[in-house]
Amino acid sequence: MARFRVASVAELPDETLKRVDAGSTPVCIAHAEDGKFYALNDICTHEEFNLSEGELWGMDVECPQHGSRFNLVTGKVTGLPAVIPAKSYPVSVEGEDIFVEVPE
Amino acid sequence: MATVPKVDVGTDYKEKYGFFVPEDYIFKAKRGLNPEIVKEISWMKKEPEWMLKFRLRSLEMFRKKPMPNWGADLSVIDFENIFYYLKAQDKQSTSWEDLPPDIKKTYDRLGVPEAERKFLAGVSAQYESEVVYHSLHEELSKKGVIFTDTDSALRDHPELFKEYFGTVIPPADNKFAALNSAVWSGGSFIYVPKGVRVDIPLQAYFRINAENMGQFERTLIICDEGSFVHYIEGCTAPIYTTDSLHSAVVEIIVKKNARCRYTTIQNWSTNVFNLVTKRALAYGDATMEWVDGNLGSQITMKYPSVYLMEPGAKGDVLSVAFAGKGQHQDAGGKMIHVAPNTTSTITSKSISKGGGRTSYRGHIKMYPGANNSKSFVKCDALLLDDESRSDTYPYNDVDAENVTLGHEATVSKVSDEQLFYLMSRGITRSEAETMIVNGFIEPFTKELPLEYAVELNRLIQLEMEGSVG
Amino acid sequence: MGLTLESLDVLQGEPDWLGERRRGALATYERLPHPSKTDEEWRRTDISGLNPAQFSELEHQDGFKLAGRSTLPRGVILEPLRVAAEKHPDLVKPHLFSLIRADRDRFSALHAAFFTGGTFLYVPDGVVIDEPIVGQHTSHAGGTAFLPHTLIVAGRGARFHYLDEYIGQDDEAVGYRSGSAEIFAGEGAEVAYVAVQKWGRNAWHFGDQRARIDKDAKLRLFNVTLGGRFSKTRVEASLVGQGAEAELKGLYLASGQQFFDFHTLQDHQVGNTRSDLLFKGALQDTARTVYAGLIRIEKGAARSDAYQANRNLVLSDHAKATSIPMLEIDNNDVRCTHGATVGPVDPQHMFYLRSRGIPEPTAKRMLVQGFFGDVLDRIPFEHARNLIEADLVARLG
């Protein structure tokens with residue numbers, strides 16, 4: 001696993017999404033309603049649109065193109081048409097910095 | 001609609017289906033689409049707060065989504081000129097006698113009560129936006145089968161409803177799913193408990209009567225483990241010079257070892273745009289069958305799909321489309337293989353006549369992990385004259401190992417030899433063509449209950465006579 | 001490509017009309033949007049990582065040769081395209097980029113603006129050339145832009161064979177490659193055209209092969225795609241005269257992380273025309289291929305006969321194959337059939353070979369060769385057949 005600083009806390013207001021790149025991995029960072037930060041692979045497993053351009057819906061992120069939903073914590077599909085789970089990555093916050101760990 | 005196999009040449013669509021009765025409605029929303037109309041629909045129905053939110057958010061999605069840049073030309077639809085909600089009477093009846101005379105007469109002319117007496121286990125009749133009549137055999141309700149309209153289900157079975165509603169087709173799926181999610185009304189809700197087999201079909205009949213009407217029913221069917229149900233829908237509308245819009249969403253969940261068959265005989269008048277999203281989930285060893293007949297409408301865009309979610313799931317689409325003058329039938333099917341050892345077939349038969357256009361559009365997707373799955377698609381098109389057109393657009397995506405996928409299509413005309421042979425036996429040209437067309441779609445008609453097969457053959461004959469629309 | 005008018009100065013020495021056209025195409029390039037995933041043709045074809053402007057150095061060559069030693073018959077013109085543009089504007093000007101139009105999309109525009117030489121072949125009426133003509137386009141450096149163009153004009157009843165070979169000696173650096181050909185087959189002509197694409201494995205490739213086939217003329221076209229990290233090829237034939245015939249065959253072998261995209265068109269504009277298409281591909285590793293083909297029969301094109309098939313052999317768990325064979329039929333007096341298959345190696349065949357003591361890799365190679373057998377038989381001339389078979393053996397290991 002490789003660890004990257006991807007954003008500052010200030011860049012993600014409550015209940016927002018942001019696209020970041022952890023090395024060459026496209027990541028969707030979410031500041032969820034529980035106050036925590038989560039990271040999923042940004043490429044929707046259905047038709048490869050960017051999840052970060054979608055919307056937060058409780059603890060799910062919804063793809064902007066066809067409405068597929070993924071659980072922020074596990075990456076599990078919670079709404080069709082996607083059927084393959086999103087990859088989820090560990091997130092840590094140190095002071096003002098958000099870090100994501102992705103496989104090398 | 002089921003009658004003796006009498007050949008009614010000379011009866012035409014206008015007489016049989018294309019009539020209308022005066023509007024004497026208790027509520028008619030203003031033309032056009034806006035948050036106020038959506039709120040009004042929700043208020044009329046006394047819905048819970050979450051449904052109103054769901055509707056308003058869906059309306060926003062509808063606004064944001066572009067029109068499809070493929071398929072039929074939809075630019076002529078004027079969304080502001082449509083009535084999104086029409087309520088014809090105050091309450092739902094369980095007896096035909098209780099219906100207002102005009103409405104009762106309508107269904108009598110369409111033959112629905114007669115069909116119910118003869119061979120149906122339950123009937124739902126939707127008139128404009130609301131279901132006006134409803135029945136279910138008593139022994140089925142005793143077994144726990146639920147067959148009701150979707151609005152009542154939201155009221156009477158809130159938990160079951162919320163668990164499944166919108167999970168198969170999210171509002172964001174496509175522009176017309178979003179529209180339906182915003183203004184939906186009516187439709188059927190079916191729950192078949194574990195191990196229960198509903199051996200005789202349930203039927204819903206959808207009728208549009210008013211001009212510039214938008215009908216947006218929403219159907220949800222849940223087949224619990226090991227159950228079986230056959231659901232049949234029919235639809236007609238009067239002939240008007242301006243357009244109406246029918247945009248349904250149908251969600252089906254077929255659990256382990258269950259089987260669901262969904263038969264459609266779509267016979268809208270040729271001023272109706274028919275833009276429908278239909279999708280089923282099939283779990284372990286379950287079977288989902290779409291039997292889809294598209295005869296009427298000006299434009300139909302409809303691709304029933306099956307998501308094969310667990311090993312052994314099976315999906316079938318059997319589709320027939322007939323496009324006459326001024327009609328474009330853009331129909332087909334989708335099979336999404338998610339799990340190993342899943343199988344699917346799509347058989348499409350299309351007929352174009354008098355400048356009509358049929359398009360087969362399909363998608364087969366094999367996701368990683370759908371190993372040892374098989375899919376086969378066969379499309380046959382028959383062009384009856386040189387003004388007509390046929391297209392085939394099959395999308396095949398294979399991302400899994402050891403899968404087999406095949407697609408075949410042919411386009412042909414009625415051969416001169418066949419015609420010559422039949423005509424030499426004293427059969428007129430038009431009768432001969434009808435016989436050839438009926439033979440061509442036989443794989444479809446033989447899957448229908450007898451009464452419907454007879455009706456379909458008769459409809460084909462009417463189309464061939466050119467007396468429709 | 002330094003995408004400025006100044007960079008076009010390297011192409012000095014061309015006639016003014018050609019310079020004007022290049023400037024026009026560059027303006028078109030700047031006007032057209034970068035295709036996005038919501039465009040149907042690009043839905044499965046990801047070019048988000050491509051910025052053509054980063055390839056500032058153009059490689060410019062004219063190379064071609066005759067396969068044999070004979071001299072050309074009288075009247076045949078075989079010249080570098082820029083020389084021909086100067087010497088034979090009457091022949092070049094009306095044809096060049098009239099089939100592959102600059103305004104089709106950004107990449108066609110780029111090709112028309114920056115094409116870096118190539119070949120012009122004119123074969124007059126009734127002339128037959130026995131030896132195949134070979135255009136070799138060899139890129140020597142990585143990181144460059146290299147855009148050769150072939151223009152072939154066949155007179156009435158002319159007969160000849162032509163091979164375009166795109167060779168990369170630059171396996172490492174990422175380059176931009178665009179090799180295209182326009183073919184005009186005059187009445188009764190018989191043209192055999194073969195293109196073999198074997199750029200380096202990191203190249204971006206965009207190619208158009210487009211033919212216009214007149215009355216009673218016959219085109220046999222064979223496309224081989226082996227190279228590039230990304231390759232998008234369009235093979236299109238318009239049948240514009242009664243009795244015209246097109247045989248379009250393709251073979252592709254995708255391995256590693258290669259992505260190949262093919263668009264084909266069989267465009268029957270008039271009746272009594274025939275087209276026959278077969279594209280066969282084998283996929284290994286994490287390779288991904290997209291085939292999308294269309295048969296279009298126009299309203300008046302009665303008694304047309306069209307066939308289209310795409311067959312894919314998937315040899316690995318992680319390869320992805322997409323196949324979209326399409327029909328648009330506007331006339332009822334036609335014969336039209338198409339098909340697509342995607343499948344693995346037949347386990348029975350594999351079992352048979354393994355039971356004979358043949359090791360698995362060898363058995364797999366034999367089965368791939370067997371799979372390609374019927375399409376290899378359709379390579380229209382021997383010189384090309386030997387070359388392609390050798391390339392295939394080298395790649396299958």
Side-chain angles (χ1 to χ4, degrees), chain B residues 65-66 68-71 350-353 355 357-369 371-416, chain C residues 38-41 43-44 271 283 286 288-347 350:
Chain B
K65 281 194 171 288
N69 55 3
W70 44 270
S350 65
I351 302 147
S352 315
K353 180 175 186 275
R357 177 175 174 193
T358 55
S359 304
Y360 168 81
R361 197 178 297 276
H363 187 195
I364 305 295
K365 170 97 185 177
M366 303 265 191
Y367 273 104
N371 309 335
N372 306 313
S373 292
K374 288 192 176 76
S375 177
F376 189 72
V377 179
K378 176 113 181 72
C379 302
D380 294 317
L382 191 59
L383 290 167
L384 293 177
D385 50 53
D386 57 13
E387 296 163 73
S388 304
R389 170 169 171 178
S390 161
D391 313 307
T392 312
Y393 305 103
Y395 293 76
N396 303 299
D397 286 311
V398 175
D399 303 354
E401 66 174 308
N402 280 322
V403 300
T404 309
L405 182 151
H407 170 95
E408 277 175 20
T410 59
V411 177
S412 56
K413 60 170 185 168
V414 173
S415 82
D416 294 335
Chain C
T38 49
D39 299 318
E40 199 52 39
E41 188 182 338
R43 195 160 161 188
R44 292 162 175 82
L283 292 79
T286 57
R288 199 167 169 174
T289 64
V290 176
Y291 168 86
L294 175 64
I295 294 175
R296 187 195 293 143
I297 311 266
E298 313 236 340
K299 193 143 245 34
R303 292 171 301 285
S304 292
D305 187 342
Y307 180 78
Q308 172 202 45
N310 172 231
R311 315 246 174 254
N312 294 282
L313 183 65
V314 180
L315 298 165
S316 114
D317 317 353
H318 303 291
K320 295 182 178 186
T322 293
S323 181
I324 312 170
M326 298 177 278
L327 307 173
E328 290 180 355
I329 314 293
D330 230 331
N331 188 290
N332 74 327
D333 191 7
V334 298
R335 247 188 26 201
C336 242
T337 309
H338 76 175
T341 53
V342 182
V345 167
D346 186 331
M350 182 55 103

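For the numbers below, each heavy atom of this structure counts, side chains included, while hydrogens, waters and symmetry mates do not. So that the names make sense, note that chain A is the first sequence line, chain B the second, and so on, each numbered from 1.
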Task: Region of B:L384 in contact with chain C, defined by heavy-atom distances below 4.5 Å - done: backbone

- [ ] Please state whether the side chain, the backbone, both or neither of C:A319 comes within less than 4.5 Å of a heavy atom of chain B.
- [x] backbone

TODO: Test salt bridge (charged side-chain N to carboxylate O under 4.0 Å, His left out) on C:K320 and B:D397 and set out the steps.
DONE: CA-CA 7 Å; C:K320 295 182 178 186; B:D397 286 311; over 6 Å; no

TODO: Under 4.5 Å heavy-atom distance to chain B, tell me which part of C:R288 shows up: side chain, backbone, both or neither.
DONE: neither

Task: C:P325 backbone acceptor or donor facing C:Q308 side chain under 3.5 Å - done: no

TODO: Could you please spell out the steps behind the side-chain hydrogen bond (donor to acceptor under 3.5 Å, both in side chains) verdict for B:D391 and B:S359?
DONE: CA-CA 4 Å; B:D391 313 307; B:S359 304; 2.9 Å; yes

Open item on the list: Report which part of B:S388 has an atom under 4.5 Å of a heavy atom belonging to chain C: side chain, backbone, both, or neither.
Closed with: backbone

Task: Between C:D333, C:V345, C:V314, the one whose heavy-atom pairs under 4.5 Å with chain B are most numerous - done: C:D333

Task: Polar side-chain atom of C:D39 near backbone of C:E41 as donor-acceptor pair, under 3.5 Å - done: no

Open item on the list: If you compare all heavy atoms of C:I324 against all heavy atoms of B:Y395, which two are closest, and at what distance to 0.1 Å?
Closed with: CD1-CD2, 3.3 Å

Task: Salt bridge present between B:D399 and B:K365 (N-O < 4.0 angstrom) - done: yes

- [ ] Determine the option with the most heavy-atom pairs under 4.5 angstrom with chain B, choosing from C:R44, C:R311, C:E40.
- [x] C:R44

- [ ] Against chain C, label B:N402 side chain, backbone, both or neither, depending on which of its atoms sit under 4.5 Å from a heavy atom there.
- [x] both

- [ ] Tell me, out of C:V334, C:T341, C:I329, who's got the most heavy-atom pairs with chain B below 4.5 Å.
- [x] C:I329

